[in-house]
> 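My questions will all concern the structure given below.
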Amino acid sequence: MRKNTGFYPADILLPKEGLERWSVVACDQFTSDPGYWNQVEELTRGVPSAAHIIFPEARLGKADFDATLREIRREMDRYQREDLFRLLPQGMIYVERTFASGAVRHGILGKLDLEEYDYHSGSASLIRATEGTVLDRLPPRAAIRRAASLECPHILTLIDDPAGTIVEGLGAEKDQMEPLYQSPLMLGGGSVAGWLMNREQQHRLAEQLAHLANPRVFEEKYGLSGAAPLVYAMGDGNHSLGAAKACWEQLKETLSPEERQNHPARYALAELGNLHDSSLVFEAIHRVVFGVDHRHFEAELERWAASCDGGFPAQSFTLLMDGQERQITVSAPEQSLTVGSLQRFLDDYLGAWGGQVDYIHGRQTVERLAREGAVGLLLPVMQKESLFPAVIRDGALPRKTFSMGHAEEKRYYLECRRILPSRGHSSLE
């Protein structure tokens, strides 16, 4: 009987060839840079690619949604009929992602049990959201997943292993694994390599994860009493995992108790990483505001900053507007994090006066959009060592609090897994 760790081996599908043009960056990147996705389209035209089975958020609202979903499903089914994939039954992949900088991120690909995930604030589940979930971002992703026969993961979830013995420890054992792939990644993504973990390594990983989930170990580690263990904190892809959860909650109502135990849609393919991996650098997620009167926005921002009457230390962020750059200081903030304070203002302002906000990972993009007429808001970086204690203590942090690295360093789609039967015949049946 397997241990209840929430993370398990999966029936993984790997493209047999052409990985450089198959693999594309996560769909929630470059949302305000359609030129990036135009380059992806040019590079992948006429060849099998994950680009043809995902829906970049930059194109939501600009492409025919239903027609695109039908095309995605057709491509997924065609790829399976045409024997594009190699099947790794009940496999786990040790992954090394080398960034353009030369830094290497270590990970383990497997599947997360959606029954162990709850993105609501105050959750006591093994797998938890680190940031507030934007509920209106779930329906489009849920619709995409419901229409799909395959999933491709850009989800990265984190464990708190300061000694680096679990994920990184596998790196010393690569010679005991079967090499699976090694490929450059397009458009500044660096490169990626993967090895198939053996059964003994899978078993040891399960033991290590079960140790993290032990209530006594958890209480001693964080100096708590009676708190439910948090083993996996979401790093990237929380909204995709939230959409998978929503789909599963709907589907399982139609299944028998026996069918619920092992239905493929109960799980989501994801990469497991260590918060303390030296390659994981937390980056701020900045805000860009469109469609507002600049002078009115600035006046309301200043009035709000001066009127806050909380008990937290002073916070500052940078306002970019009309060719000017200036610091805004909140002397007595009511939220512990700068991003939380600013996000509350933005929610209130946009709700009252209209406008739209986008969440941007790179300073240069914010500066460019500000030059083009938007309002830019640059935020400070959160220290990653405080992530687990903050989520355990306060629940999910304000949405879009941090990003792990630059946009090009996000997980690229590569591996796949079936979540529904495909139409037509496949050699993988």
Side-chain angles (χ1 to χ4, degrees), residues 8-19 21-28 40 44 47-57 59 63 65-93 95 109-114 138 140-156 180-181 183 192 194 196 236-237 239-248 250-252 262-271 410-429:
Y8 306 107
D11 291 338
I12 300 169
L13 300 175
L14 277 184
K16 295 178 179 177
E17 56 186 21
L19 289 186
R21 290 203 283 177
W22 168 269
S23 301
V24 298
V25 79
C27 65
D28 59 348
V40 172
T44 61
V47 298
S49 176
H52 308 316
I53 57 175
I54 66 165
F55 202 144
E57 288 193 6
R59 293 179 175 166
F65 188 77
D66 292 336
T68 302
L69 295 198
R70 289 192 294 271
E71 181 60 26
I72 286 172
R73 179 60 187 261
R74 281 195 294 268
E75 286 295 287
M76 287 181 172
D77 292 342
R78 182 171 71 85
Y79 289 167
Q80 293 175 81
R81 287 195 306 271
E82 294 181 357
D83 197 26
L84 183 74
F85 299 110
R86 170 190 176 186
L87 174 63
L88 305 175
Q90 291 301 290
M92 281 185 160
I93 301 175
V95 179
L109 190 79
K111 66 184 181 185
L112 291 170
D113 185 353
L114 295 170
L138 296 185
R141 295 195 184 199
I144 293 166
R145 187 175 178 92
R146 280 193 295 270
S149 59
L150 297 175
E151 65 171 357
C152 301
H154 73 260
I155 296 165
L156 181 63
L180 293 173
Y181 54 79
S183 175
V192 66
L196 183 64
D236 280 328
H239 287 89
S240 291
L241 196 64
K245 174 73 170 182
C247 290
W248 169 241
Q250 182 181 50
L251 176 62
K252 77 176 184 180
N262 294 301
H263 194 284
R266 172 174 168 162
Y267 302 91
L269 209 57
E271 183 176 327
K410 300 301 177 180
R411 195 174 205 283
Y412 274 50
Y413 300 107
L414 198 161
E415 311 87 352
C416 298
R417 186 180 71 93
R418 276 191 183 164
I419 51 176
L420 288 175
S422 63
R423 295 192 292 260
H425 297 290
S426 167
S427 64
L428 300 172
E429 298 288 356

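Values below: every heavy atom of this structure, side chains too, minus hydrogens, waters and symmetry copies. Everything quoted here is computed from the prediction, not taken from an experiment.
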> Kindly compute the distance separating CZ (Arg86) from CD (Glu17), expressed to the nearest 0.5 Å.
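Spacing of CZ (Arg86) from CD (Glu17) equals 14.0 Å.
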
> List the residues meeting ring-ring contact (aromatic ring centres under 6.0 Å, His included) with Tyr181, not counting sequence neighbours, and say none if there are none.
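With sequence neighbours excluded, Tyr181 shows a ring-ring contact (aromatic ring centres under 6.0 Å, His included) to no residue whatsoever.
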
> I'd like to know whether Asp77 forms a salt bridge (charged side-chain N to carboxylate O under 4.0 Å, His left out) with Arg81, so could you lay out the CA-CA distance, the side-chain angles of the two residues, the decisive distance to 0.1 Å, and finally the verdict.
CA-CA 6 Å; Asp77 292 342; Arg81 287 195 306 271; 5.2 Å; no

> Please report the interatomic distance CG(Leu109) to CG(Leu156), rounded to the nearest 0.5 Å.
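It is 10.5 Å, given to the nearest 0.5 Å.
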
> Donor-acceptor pair, distance only, cut-off 3.5 Å: does the side chain of Arg418 make one with the backbone of Ser149?
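Answer holds: no.
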
> Which value, rounded to the nearest 0.5 Å, describes the distance between Ile144 atom CD1 and Arg73 atom CZ?
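If I round to the nearest 0.5 Å, the distance is 14.0 Å.
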
> Report the residues that fulfil ring-ring contact (aromatic ring centres under 6.0 Å, His included) with Tyr79, sequence neighbours left out, ordered by chain and then residue number.
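Result, ring-ring contact (aromatic ring centres under 6.0 Å, His included) vs Tyr79: Trp22.
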
> Could you work out, with side chain to side chain contact (heavy atoms under 4.5 Å, CB included) as the rule, every residue matching Arg59, not counting sequence neighbours?
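Applying side chain to side chain contact (heavy atoms under 4.5 Å, CB included) to Arg59 gives Trp37, Asn38, Glu41, Phe55.
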
> Picking from Val95, Leu196, Ile12, what satisfies side chain to side chain contact (heavy atoms under 4.5 Å, CB included) with Leu180?
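Of the listed options, the one satisfying the test is Leu196.
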
> The criterion is side chain to side chain contact (heavy atoms under 4.5 Å, CB included); which residues satisfy it with Leu138, sequence neighbours excluded?
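With neighbours one apart ignored, the set is Tyr119, Thr133, Leu135, His239.
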
> Kindly indicate whether the side chain of Arg266, heavy atoms from C-beta on, has any atom under 4.5 Å from the side chain of Asn262.
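SC-SC contact between Arg266 and Asn262 ruled out.
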
> Please lay out, stage by stage, how Asp113 and Tyr8 fare under the test side chain to side chain contact (heavy atoms under 4.5 Å, CB included).
CA-CA 8 Å; Asp113 185 353; Tyr8 306 107; 4.0 Å; yes

> With a 4.5 Å heavy-atom cut-off, do Val25 and Val40 have their side chains touching?
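In short, these two side chains do not touch, never coming nearer than 4.5 Å.
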
> I would like to know whether Leu13 and Leu84 meet side chain to side chain contact (heavy atoms under 4.5 Å, CB included); could you show each step before the answer?
CA-CA 9 Å; Leu13 300 175; Leu84 183 74; over 6 Å; no

> Does some side-chain heavy atom of Asp236 sit less than 4.5 Å from a side-chain heavy atom of Ile155?
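They are not in contact (no side-chain heavy atoms under 4.5 Å apart), so the answer is no.
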
> With sequence neighbours excluded, tell me which residues meet side chain to side chain donor-acceptor pair (under 3.5 Å) with Asp11.
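Counting only residues at least two positions away or on another chain, Asp11 forms a side chain to side chain donor-acceptor pair (under 3.5 Å) with Gln90.
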
> For a quick test of reading the model, state the closest non-hydrogen atom pair linking Ala143 to Leu69 and the distance between them.
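Of all heavy-atom pairs spanning Ala143 and Leu69, the closest is O-CD1, 3.7 Å.
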
> Say whether, by atom type as modelled, one donor and one acceptor occur between the side chain of Arg417 and the main chain of Gly110 under 3.5 angstrom.
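Judged by distance alone, no pair lies under 3.5 Å.
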
> How long is the span from the SG atom in Cys152 to the CG atom in Leu269, to the nearest 0.5 Å?
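Here the interatomic distance stands at 9.0 Å.
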
> Quick one: pull up CD in Gln80 and SG in Cys416 and give me the separation to the nearest 0.5 Å.
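SG of Cys416 is found 8.5 Å from CD of Gln80.
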
> Which pair of heavy atoms, one from Ala244 and one from Leu114, lies closest together, and at what distance?
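That would be O-CD1, 3.5 Å.
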
> Does the distance from a Lys or Arg side-chain N to an Asp or Glu carboxylate O, for Asp83 and Lys16, drop under 4.0 Å?
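Lys16 and Asp83: salt-bridged.
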
> Please name all residues satisfying ring-ring contact (aromatic ring centres under 6.0 Å, His included) with Trp248, sequence neighbours left out, ordered by chain then number.
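Residues passing ring-ring contact (aromatic ring centres under 6.0 Å, His included) with Trp248: none at all.
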
> Would you mind reporting whether Pro264 and Leu420 have side-chain heavy atoms less than 4.5 Å apart?
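No, side chains not in contact.
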
> Taking only residues two or more places apart in sequence or in another chain, which ones pass side chain to side chain donor-acceptor pair (under 3.5 Å) with Arg145?
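Checked Arg145 against side chain to side chain donor-acceptor pair (under 3.5 Å); matches are Glu151.
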
> Once side chain to side chain contact (heavy atoms under 4.5 Å, CB included) is applied, do any residues pair with Ser49, and if so which ones, sequence neighbours excluded?
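Here the qualifying residues are Val24, Thr44, Ala51, His52.
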
> Going by the rule side chain to side chain contact (heavy atoms under 4.5 Å, CB included), which residues pair with Gln250 if we only count those two or more places apart in sequence or in a different chain?
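Counting only residues at least two positions away or on another chain, Gln250 forms a side chain to side chain contact (heavy atoms under 4.5 Å, CB included) with Arg146.
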
> Can you list everything that forms a salt bridge (charged side-chain N to carboxylate O under 4.0 Å, His left out) with Glu57? Sequence neighbours excluded, please.
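Counting only residues at least two positions away or on another chain, Glu57 forms a salt bridge (charged side-chain N to carboxylate O under 4.0 Å, His left out) with Arg137, Arg141.
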
> Are any of the side-chain heavy atoms of Ile93 and Leu88 separated by less than 4.5 Å?
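Result yes, sub-4.5 Å side-chain heavy-atom pair found.
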
> Which residues pass the salt bridge (charged side-chain N to carboxylate O under 4.0 Å, His left out) test with Lys245, not counting sequence neighbours?
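Testing Lys245 for salt bridge (charged side-chain N to carboxylate O under 4.0 Å, His left out), a comparison that skips the adjacent residues, returns Glu249.
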
> Nearest 0.5 Å, please: how far is CD in Glu415 from CG in Leu19?
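If I round to the nearest 0.5 Å, the distance is 9.0 Å.
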
> Would you say Arg411 and Pro153 make side-chain contact, with heavy atoms under 4.5 Å?
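Contact flag for Arg411/Pro153 side chains = yes.
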
> Taking 4.0 angstrom as the limit, do Asp66 and Arg70 come out as a salt bridge?
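Salt bridge between Asp66 and Arg70, a charged N being under 4.0 Å from a carboxylate O: no.
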
> Hey, are Tyr413 and His154 close enough side-chain-wise for a donor-acceptor pair under 3.5 Å?
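Per modelled atom types, His154 and Tyr413 side chains form a pair under 3.5 Å.
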
